[in-house]
*Asks:* 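Mind having a look at this structure? Questions to follow.
The chains referred to below are lettered A, B, ... by the order of the sequence lines, with proteins before strands, and numbering in each begins at 1. Predicted, not measured: the structure shown is a model, and the values here were computed from it.
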Amino acid sequence: MKIVKLPKEKLAEFLSCLRAFGEIHAPTKRGEKSHVFAPLKEPAGIELDYTRTILPLKKYFLPPMETMFNFQAEKGYETPAEESDKKYIIFGVHPCDIHSLKILDLVFGGKYVDGHYFSRRSKAAIIGLDCIPDEFCFCRSTGTDFVDDGFDLFLSDIEDSYLVRVGTSLGDDMVKAADTLFQEVTVQDREKYKKKSIQRGQSFQSEIQLQDLPEIMDLEYESQIWQELGEECLGCGTCSMVCPTCYCYAVFDELNLDAASGQRIRRWDSCLFKDYALVAGGHNFRAQRSSRVKNRYFHKQRGFVSQYGRPSCVGCGRCKEYCPAGVDIIEVVNKLRSETRV
Amino acid sequence: MHKSIVINRVPRVEGHGGITVNMKDGKVSQVNMDIYEGPRFFESLVVGKTYDQVTPILMRICAICSAVHTVTSLMAVENALGIKVSHQTRLLRDLLIQGGNIESHALHVFCLALPDFLNYPSVVDMARDHAQEVCTGLEIKKLGNTIQEVIGGRAVHPVNAVIGGFGKLPAPEELLRLKEQLTKGLEQSWAAVELIAQLEIPDFCISPNIYAALLPNGSGFSLLGEEIILSTGEKRNIRQYQQICQEKVVPHSHAKQSWCNDKPFMVGALARVALNGDKLVGEAKKARDKLGLNSPSKNILENNVAQALELIYSMERSLEIIDELLDTGIKPEPSAPVKIRAGSGVGAAEAPRGTLYHSYSFDEEGRLTKADVITPTAQNLANIEKDLRQAVENLMDEPTESLKRKLEMVVRAYDPCISCSVHLLELKR
Amino acid sequence: MYEPQNTLQGPSLYQPYPARIIRTLPQIPDHQLFQVRFEQEDMVKSFTYRPGQFLMLSVLGTGEAPFSISSSPTRPGVIELCVRQIGRVTKALFNLPPNALVGIRGPYGNGFPLEQLRGNNLLLVAGGLGMAPLRSLLWYALDNRAKFKDVILMYGGRNPDEMLFKYELLNLIDRADVKCLLTVDNDPEGIWKARIGVVTKLFDHVEIDPENTFAAVCGPSVMFKFVLEKLLQRNFSKDRILMSLERNMQCGVGKCGHCMIGYKYTCLDGPIFTYWDAINLPEMI
Amino acid sequence: MDKPKVGIYGLTGCAGDQLVILNCEDELLDLVGSLDIKSFSMAASGADDQCQLDIAFVEGTVVQPDEEKLLKDIRQRAKLLVAIGTCAVWGGVTAMKNEVDPKKFIEQVYGPAGKVFEVIPPQPLSSFVKVDLSLPGCPIEKEQLLRGVASLLHGDLPKLPNYAVCTECKMAEYPCILVEKGLPCLGPITVAGCGARCPSYGLTCNGCRGPVDDINVASEINILKEKGFTWVDIQNRLRTFAAPAPPLNLQTLEEAKNA
Ligand SMILES: Cc1cc2nc3c(=O)[nH]c(=O)nc-3n(C[C@H](O)[C@H](O)[C@H](O)COP(=O)(O)OP(=O)(O)OC[C@H]3O[C@@H](n4cnc5c(N)ncnc54)[C@H](O)[C@@H]3O)c2cc1C
Ligand code: SF4
Ligand code: SF4
Ligand code: SF4
């Protein structure tokens with residue numbers, strides 16, 4: 001893999017060169033402590049030492065609410081004219097979020113390819129950035145703290161510079177377009193990089209034990225723990241919204257006032273919602289909140305493994321940080337484990 | 001000759017009110033403005049609530065005036081707890097209530113009163129022949145709502161105005177957009193003024209009024225002030241509002257009436273223009289001259305004319321506020337801090353329909369012990385009855401249907417807000 | 001025999017194709033058979049499916065819902081859907097004027113494993129609306145009669161007025177190439193000429209060789225329970241019992257998540273599951 | 001198709017929901033064009049109070065026997081009855097102290113000999129008649145109203161969100177008021193539809209839309225307790241807009257607190 005070096009003081013200049021490749025979206029501040037990915041107006045607004053954004057990257061490719069079709073009486077459903085071909089660059093994406101995109105690619109690809117997702121996906125370049133974990137991160141234990149692919153460029157902080165890994169030919173073009181800003185990587189740089197990597201590896205405070213987890217999920221399907229969790233959980237759906245690999249959605253038609261035309265919309269949904277598994281006639285396959293919370297964990301750690309050969313949790317820590325009730329995935333898993341051991 | 005006239009429900013006013021007129025020996029023996037709206041006991045609902053919960057509840061007294069209820073309520077809380085707000089906050093609050101004034105007046109002038117003057121049962125019927133005017137009216141109304149949305153966070157029951165300041169401050173781009181719309185709105189309001197200047201205002205209800213309004217804080221016309229003035233020359237601090245509004249319970253109504261020294265009085269646009277009209281400047285002054293509101297009017301139907309004039313004033317004032325905010329730049333300031341203590345306070349502001357008072361007392365835990373809210377419509381009720389009597393006396397020979405319609409016009413001229421007036425019934429006597 | 005399936009896929013996977021309801025045939029209270037035909041001629045010809053598959057039907061402005069295809073691919077041109085009116089979409093469907101435009105996409109789901117069924121006896125057991133997917137398999141088998149050994153249909157309704165496809169099925173009674181056993185739970189008016197009693201009683205009237213038979217079961221969950229008992233008593237192996245499951249579906253193609261049961265998607269891995277699959281799924285019924 | 005006959009009525013309330021209808025300035029003329037409005041006293045004279053209606057929109061709560069009568073009459077005449085606003089759906093602010101008999105309030109004001117108004121504790125419409133559709137909100141949301149009307153014109157009942165304000169809050173990526181600011185937000189138990197309006201201004205959701213289905217009030221109480229609120233304040237906060245809703249019943253809350 002091609003690796004180059006970008007001195008930090010050149011970052012602003014690099015960002016302005018990048019504008020030729022599309023609109024730049026980068027972590028910016030929202031509220032007192034939170035961050036979001038948003039269009040970058042000026043380089044100074046960028047917040048590179050963020051830990052996580054409220055919403056992950058899925059918002060770009062599977063927007064919270066999207067018009068899939070317009071419809072009109074006697075015409076039927078028609079895909080709206082292609083939104084602009086505008087390209088964009090998402091700058092400063094952490095490894096866990098890059099992994100989550102790889103997972104969503106699996107879901108939206110396969111035998112049935114979701115063109116809505118992939119057409120947006122193809123318009124966005126991903127520039128990764130390494131990070132320092134906080135108390136909520138556990139991506140090391142999910143194996144998603146590092147990425148080999150899934151980015152166009154990936155920046156690693158080595159004190160006064162970034163080590164830049166070039167992942168795609170587009171990434172290479174970006175580097176070339178700002179040729180004068182980049183330098184060769186020296187032996188010292190490599191040493192610094194390794195040192196930083198080790199430091200980073202040691203700074204994780206949380207971990208989840210994935211080994212045998214699918215099996216434990218099966219064993220503990222009837223565990224009392226789910227009941228207790230159901231009593232804590234508010235069913236508010238926050239965890240699903242902020243989760244980078246929760247992809248469920250609902251589809252419905254929305255009418256204009258003429259009652260003859262309108263839009264077919266898809267909107268994020270969550271298995272935590274009461275109506276999620278409701279079928280006509282009123283039967284609800286998951287009427288209890290406890291069975292709904294269980295479903296979320298079961299799907300991430302058990303169902304997804306059967307379907308795609310890996311769990312879908314990437315250890316970003318969002319669900320834990322944002323849950324108003326303080327439900328903590330690691331605690332849940334540990335409890336399940338201890339039940340099994342007893 | 002009529003024996004009695006009963007209008008069960010006056011349409012095109014907010015809330016449920018009726019009119020009963022009884023005659024005896026060819027003379028009017030009794031005129032009642034009956035209020036059927038269900039009582040909601042607002043003042044007792046808030047007893048025991050913490051200081052921060054009072055405003056969100058009491059703004060729900062009325063939807064049309066929710067912005068000014070909110071601001072007045074916040075001022076009363078702040079007054080009681082000794083909280084000082086910044087100049088920027090005061091400006092934004094002023095802007096918020098100007099938005100409310102624009103919305104309310106546009107709704108009333110174009111959708112409720114104009115159909116009266118032009119002889120249509122509703123604005124929808126009027127739209128058939130006067131589409132242009134109706135669209136203009138709706139656009140102006142929408143502008144009032146837009147201001148309330150941008151500053152207050154919602155057109156009805158604002159959420160963004162809180163104790164000590166605002167949840168989120170408007171962005172300069174938002175203010176610039178408002179400015180653009182207001183510039184257009186001002187032009188459109190002139191069209192309304194032209195239209196109304198041409199109307200012949202019927203004269204079946206001429207009768208002298210005592211007017212009351214707040215004395216503007218500064219040199220100009222304003223909807224905010226610390227003192228109450230009357231056309232009788234009397235003057236009081238707002239903390240003494242009860243000396244002006246002496247409340248009476250009347251048996252035919254769910255609302256209490258306000259009397260001042262045993263005389264009914266009038267509050268609202270007409271009163272403001274009568275008392276403070278000389279303070280108008282700029283376009284508003286021109287409009288005043290054009291509309292012939294240079295001297296206190298005795299014709300209550302001219303209240304609608306005064307409302308049209310105030311549309312111009314509110315647009316101009318909004319522009320002025322926005323310019324000041326843009327000039328100095330919006331300062332990202334947090335809400336003023338709150339120190340809980342026992343205390344009492346009064347807030348007052350000119351609502352679209354007249355002076356509004358909120359008065360609260362809190363205990364040392366910041367819980368409300370007593371609330372008193374006096375709405376403009378409650379103050380006007382006695383005056384409405386006075387004017388109805390005048391109209392009936394002038395129109396004795398009129399056929400019933402037409403008489404009824406004219407009595408409705410009198411009531412509508414006040415733009416009464418009935419659910420507002422029936423918030424009350426305090427626990428203590 | 002089984003033609004390779006070609007699921008429609010236009011500019012968007014989810015785009016419904018315009019189709020018309022060319023006829024509606026009232027069946028029993030709240031149930032109608034809708035005959036639907038694509039607007040585009042080439043699609044009328046090319047659209048094919050497996051018995052047991054379903055499609056997503058859109059009523060413009062109301063929404064989309066999954067329905068089993070009740071007709072057989074051996075009779076192309078018109079697609080038949082047997083629908084019960086129960087909620088928003090189905091109500092809107094019932095209220096459509098004649099010849100109304102609807103949207104269709106599909107077919108989706110696995111359908112019955114025809115390759116495996118070939119050369120075996122078929123035992124179709126249906127109750128109520130469960131006849132909808134089984135009717136497709138029934139006619140498929142009858143139209144490809146040589147490919148199957150005995151074909152047995154057991155169908156039960158609550159009473160004679162609540163038998164779906166009543167006349168069509170009554171006509172089968174006299175046919176030699178199919179054993180058609182019909183029953184009603186009760187017959188208050190005394191007009192029913194066939195059997196009376198629950199479906200499971202029909203098992204007393206047939207000899208079944210479980211080694212060489214596949215059973216396809218579809219109906220309300222109480223019926224499921226009793227039929228399964230019977231089949232297991234008769235030594236059916238669990239993977240020779242096929243059933244069609246129902247879940248909430250928003251996409252039909254394994255994306256929206258709603259129909260997931262444990263680690264299977266009803267829309268991709270089903271809706272036809274073997275009994276063995278099904279007992280391994282949490283929250284199966 | 002004939003235009004559906006529509007009546008718009010206000011019982012006791014602030015008229016905010018009727019005002020929202022009038023606030024649809026851009027759509028108002030289309031709206032009145034596609035409906036045959038038989039009664040809308042706030043906006044028009046000449047109501048027809050006898051005719052059969054396709055849809056009746058009713059705002060406000062029932063606090064007087066006359067209103068109960070009117071409501072039942074409207075129900076009789078209307079094919080569909082739509083409750084608009086939190087007052088109609090849940091009782092609204094007026095109902096927050098409905099455990100106190102309003103006759104007491106009245107007696108205290110007028111004395112036993114005075115005129116006695118007949119007043120009943122404020123109740124949602126559904127306590128008296130069947131409600132076909134409930135549009136909550138204090139006031140209702142314009143967008144939801146227009147979409148709802150479109151659906152009704154189409155012959156369907158609209159699908160309304162049945163999830164919490166939190167969901168909309170996170171979809172719009174607002175920082176969490178509970179988690180980030182530690183303020184007592186009611187987002188987790190309030191039904192969505194407002195686009196998380198208050199959190200978007202950095203303020204707590206006060207629950208003006210009423211509870212979402214299947215709320216976990218015990219967990220919300222726990223959260224508020226942890227933030228240091230007294231039991232009285234927690235009850236006050238929870239019971240501001242929808243006190244008559246079963247999950248916010250005083251007794252239910254008491255049980256939830258001890259759970
Ligand atoms: C594979 C499959 C085959 C089916 N075949 C038939 C059939 O042949 N005939 C028939 O009458 N019915 C069939 N159903 C059931 C049919 O899909 C529901 O009756 C229908 O979705 C009800 O929609 P509604 O809008 O009228 O009901 P509502 O209760 O108003 O539905 C609301 C929403 O929930 C979802 N939903 C509700 N119930 C179901 C459900 N049971 N399955 C999936 N989604 C649901 C839908 O997306 C719908 O938009 C089948 C279901 C599945 C999964
Ligand atoms: S964020 Fe927490 S409370 Fe909300 S649904 Fe998820 S687990 Fe439950
Ligand atoms: S701020 Fe309130 S509404 Fe938003 S996520 Fe947090 S608790 Fe929910
Ligand atoms: S956030 Fe809560 S209080 Fe604010 S508008 Fe929405 S429901 Fe009402």
*Asks:* Quick check on A:A259 against chain C: is it the side chain, the backbone, both or neither that has a heavy atom closer than 4.5 Å?
*Replies:*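 When you check distances to chain C, no heavy atom of A:A259 falls under 4.5 Å.
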*Asks:* Please look at A:D218 and chain C and tell me whether the side chain, the backbone, both or neither of the residue comes under 4.5 angstrom of a heavy atom of that chain.
*Replies:*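 When you check distances to chain C, only side chain atoms of A:D218 fall under 4.5 Å.
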*Asks:* Taking C:E39, C:E64, C:K264, C:R84 one by one, which has the highest count of heavy-atom pairs under 4.5 Å against chain A?
*Replies:*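 Top count of heavy-atom pairs under 4.5 Å with chain A: C:E64.
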*Asks:* Relative to chain C, which of A:F108, A:Y276, A:F304 shows the most heavy atom pairs under 4.5 Å?
*Replies:*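 The answer is A:Y276.
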*Asks:* Report yes or no: is the cationic atom of A:R120 (NZ for Lys, CZ for Arg) under 6.0 Å from the centre of the six-membered ring of A:F61, at an angle within 45° of the ring normal?
*Replies:*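 Cation-pi check for A:R120 and A:F61: fails.
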*Asks:* Give a yes-or-no answer on whether the side chains of A:Q209 and A:N334 include a donor-acceptor pair shorter than 3.5 Å.
*Replies:*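 Not at all, the side chains of A:Q209 and A:N334 share no donor-acceptor pair under 3.5 Å.
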*Asks:* Report which part of C:T90 has an atom under 4.5 Å of a heavy atom belonging to chain A: side chain, backbone, both, or neither.
*Replies:*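 No part of it gets close to chain A.
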*Asks:* Given the options C:C256, C:G257, C:G87, C:A65, which has more heavy-atom pairs under 4.5 Å with chain A than any of the others?
*Replies:*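 Ranked by heavy-atom pairs under 4.5 Å with chain A, first place is C:C256.
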*Asks:* Is it the side chain or the backbone of A:Q72 that comes within 4.5 Å of chain C heavy atoms, both, or neither?
*Replies:*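 Backbone only.
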*Asks:* When rounded to the nearest 0.5 angstrom, what distance separates OG in C:S58 from CG in A:D253?
*Replies:*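 C:S58 atom OG to A:D253 atom CG measures 6.5 Å (nearest 0.5 Å).
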*Asks:* If you count heavy-atom pairs under 4.5 Å with chain C, which of A:R302, A:E74, A:R264, A:M68 comes out on top?
*Replies:*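 Looking at each option in turn, the highest pair count goes to A:R264.
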*Asks:* Answer with yes or no whether the side chains of A:K300 and A:T245 bring together a donor and an acceptor at under 3.5 Å.
*Replies:*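 Yes, side-chain donor-acceptor contact under 3.5 Å.
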*Asks:* Based on non-hydrogen pairs under 4.5 Å, which of C:E246, C:H258, C:Q250 is most in contact with chain A?
*Replies:*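 The candidate making the most pairs under 4.5 Å is C:H258.
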*Asks:* Please classify the contact between C:V59 and chain A as side chain, backbone, both or neither, with a heavy-atom cut-off of under 4.5 Å.
*Replies:*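 Backbone of C:V59 only, per the 4.5 Å heavy-atom cut-off to chain A.
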*Asks:* Go through the atoms of C:R88 and report whether side chain, backbone, both or neither lie under 4.5 Å from a heavy atom of chain A.
*Replies:*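 For C:R88, no heavy atom lies under 4.5 Å from chain A.
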*Asks:* When you check the gap from the basic side-chain N to the acidic O, do C:E115 and C:R50 get nearer than 4.0 Å?
*Replies:*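 Yes, charged N to carboxylate O under 4.0 Å.
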*Asks:* Just verifying a value: how many Å separate C:S68 OG and C:L55 CG, rounded to the nearest 0.5 Å?
*Replies:*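 The OG atom of C:S68 sits 8.5 Å away from the CG atom of C:L55.
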*Asks:* Between A:F69 and chain C, which part of the residue has a heavy atom less than 4.5 Å away: side chain, backbone, both or neither?
*Replies:*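 Answer is side chain: those atoms of A:F69 sit under 4.5 Å from chain C.
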*Asks:* Report yes or no: is the cationic atom of A:R266 (NZ for Lys, CZ for Arg) under 6.0 Å from the centre of the six-membered ring of A:Y249, at an angle within 45° of the ring normal?
*Replies:*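 Positive - A:R266 is close enough to the ring of A:Y249 and near enough to its axis.
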*Asks:* Tell me whether the guanidinium CZ or amine NZ of C:R247 lies under 6.0 angstrom from the six-membered ring centre of A:F285 and within 45° of its axis.
*Replies:*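 Here C:R247 passes the 6.0 Å and 45° test against A:F285.
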